[in-house]
Amino acid sequence: GAVVSQHPSRVICKSGTSVKIECRSLDFQATTMFWYRQFPKQSLMLMATSNEGSKATYEQGVEKDKFLINHASLTLSTLTVTSAHPEDSSFYICSASDGGGAQGNQPQHFGDGTRLSIL
Amino acid sequence: RKEVEQDPGPFNVPEGATVAFNCTYSNSASQSFFWYRQDCRKEPKLLMSVYSSGNEDGRFTAQLNRASQYISLLIRDSKLSDSATYLCVVTPVYSGTYKYIFGTGTRLKVLA
């Protein structure tokens with residue numbers, strides 16, 4: 001159980017293009033999903049926390065108008081990189097938890113990731 | 001100081017060896033701890049949660065030392081397939097939505 005699917009797995013596009021990435025929890029409902037970015041040889045950095053039915057919470061330094069997050073249902077969150085530029089090229093990964101309660105002791109399960117290359 | 005620190009390695013060990021990694025964290029009130037493994041250009045996969053009393057899963061043993069604020073991962077009888085980057089994850093208690101804080105990862109190479 002606890003499968004998270006992410007699509008697409010690879011995107012190559014021109015500078016100025018907007019790119020939409022989908023994250024789906026396949027066998028559980030995820031009230032909260034998370035979006036991360038990972039640059040080569042670096043760790044995962046949390047970009048934002050996506051809450052179903054409400055606005056996402058962005059980490060410091062992440063532009064909310066640049067990275068649009070929509071969490072329209074309990075099984076789907078989307079990240080749109082608007083007007084992407086070469087510096088936005090990175091590995092974007094979503095995650096979701098199938099529980100957590102107030103203590104947050106349930107592990108997060110990650111999607112396959114999306115490798116974004118902006119030319 | 002980083003919130004979660006790991007020795008980046010790489011740790012090069014022969015097959016069958018025992019290897020241990022440590023991870024230190026700065027927030028003494030951190031609540032949950034996990035080890036994930038990440039293969040090159042892939043997503044992280046949960047290896048094991050870390051419990052206060054320590055826990056074991058086959059060849060893998062995880063320990064938590066709250067007094068010294070570190071967690072450890074011990075791998076016995078290393079296999080070639082254990083080669084990966086091992087990520088330490090800490091969940092600070094001040095975070096209402098239990099955000100993950102990742103370490104930079106420790107690279108392990110198991111050599112034939």
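Chain identifiers are assigned alphabetically (A, B, ...) following the order of the sequence lines, protein sequences preceding nucleic acid strands; residue numbering begins at 1 within each chain.
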How about A/His109 and B/Lys45: do any of their side-chain heavy atoms sit closer than 4.5 Å? no
Quick one: are B/Lys42 and A/Phe91 in side-chain contact, heavy atoms under 4.5 Å? no
Transitive ILVMFWY side-chain link A/Tyr92 to A/Leu119, under 4.5 Å: no
Give a yes or no on whether B/Ile101 and B/Tyr70 share a hydrophobic cluster (residues Ile, Leu, Val, Met, Phe, Trp, Tyr; joining criterion: side-chain heavy atoms under 4.5 Å apart). no
Given the options A/Gly111, A/Pro40, A/Ser95, which has more heavy-atom pairs under 4.5 Å with chain B than any of the others? A/Gly111
Should B/Val89 and A/Pro107 count as side-chain neighbours, where that means a heavy-atom distance under 4.5 Å? no
In this structure, CD of A/Gln38 is separated from CZ of B/Phe102 (nearest 0.5 Å) by 8.5 Å
By a 4.5 Å heavy-atom criterion (distance strictly below it), what part of B/Arg107 contacts chain A: side chain, backbone, both, or neither? neither
Is there a side-chain contact between A/Gln42 and B/Thr104 in this structure, where contact means two heavy atoms from C-beta onward sitting under 4.5 Å apart? no
Would you say B/Leu64 and B/Leu47 are hydrophobically clustered, going by side-chain heavy atoms of ILVMFWY under 4.5 Å? yes
Take atom CZ of A/Arg10 as the centre, draw a 6.0 Å sphere, and report whether it contains more than 12 heavy atoms from other residues, nucleotides or ligands. yes
Can you hop from A/Val81 to A/Ile69 via hydrophobic side chains spaced under 4.5 Å? yes
A/Phe67 reachable from A/Tyr36 in the ILVMFWY side-chain graph, under 4.5 Å edges: no
For the OG1 atom of A/Thr32 and the NZ atom of B/Lys99, what is their distance to the nearest 0.5 Å? 12.5 Å
As an exercise, state the distance from OG1 of B/Thr85 to NZ of A/Lys41, rounded to the nearest 0.5 Å. 9.0 Å
Find out whether A/Leu44 and B/Gln38 are in side-chain contact, i.e. whether some heavy atom of one side chain is under 4.5 Å from a heavy atom of the other. yes
For A/Phe39, is the CZ atom crowded, meaning more than 12 foreign heavy atoms sit under 6.0 Å from it? yes
Does A/Phe110 have its ring centroid less than 6.0 Å away from the ring centroid of B/Tyr36? yes
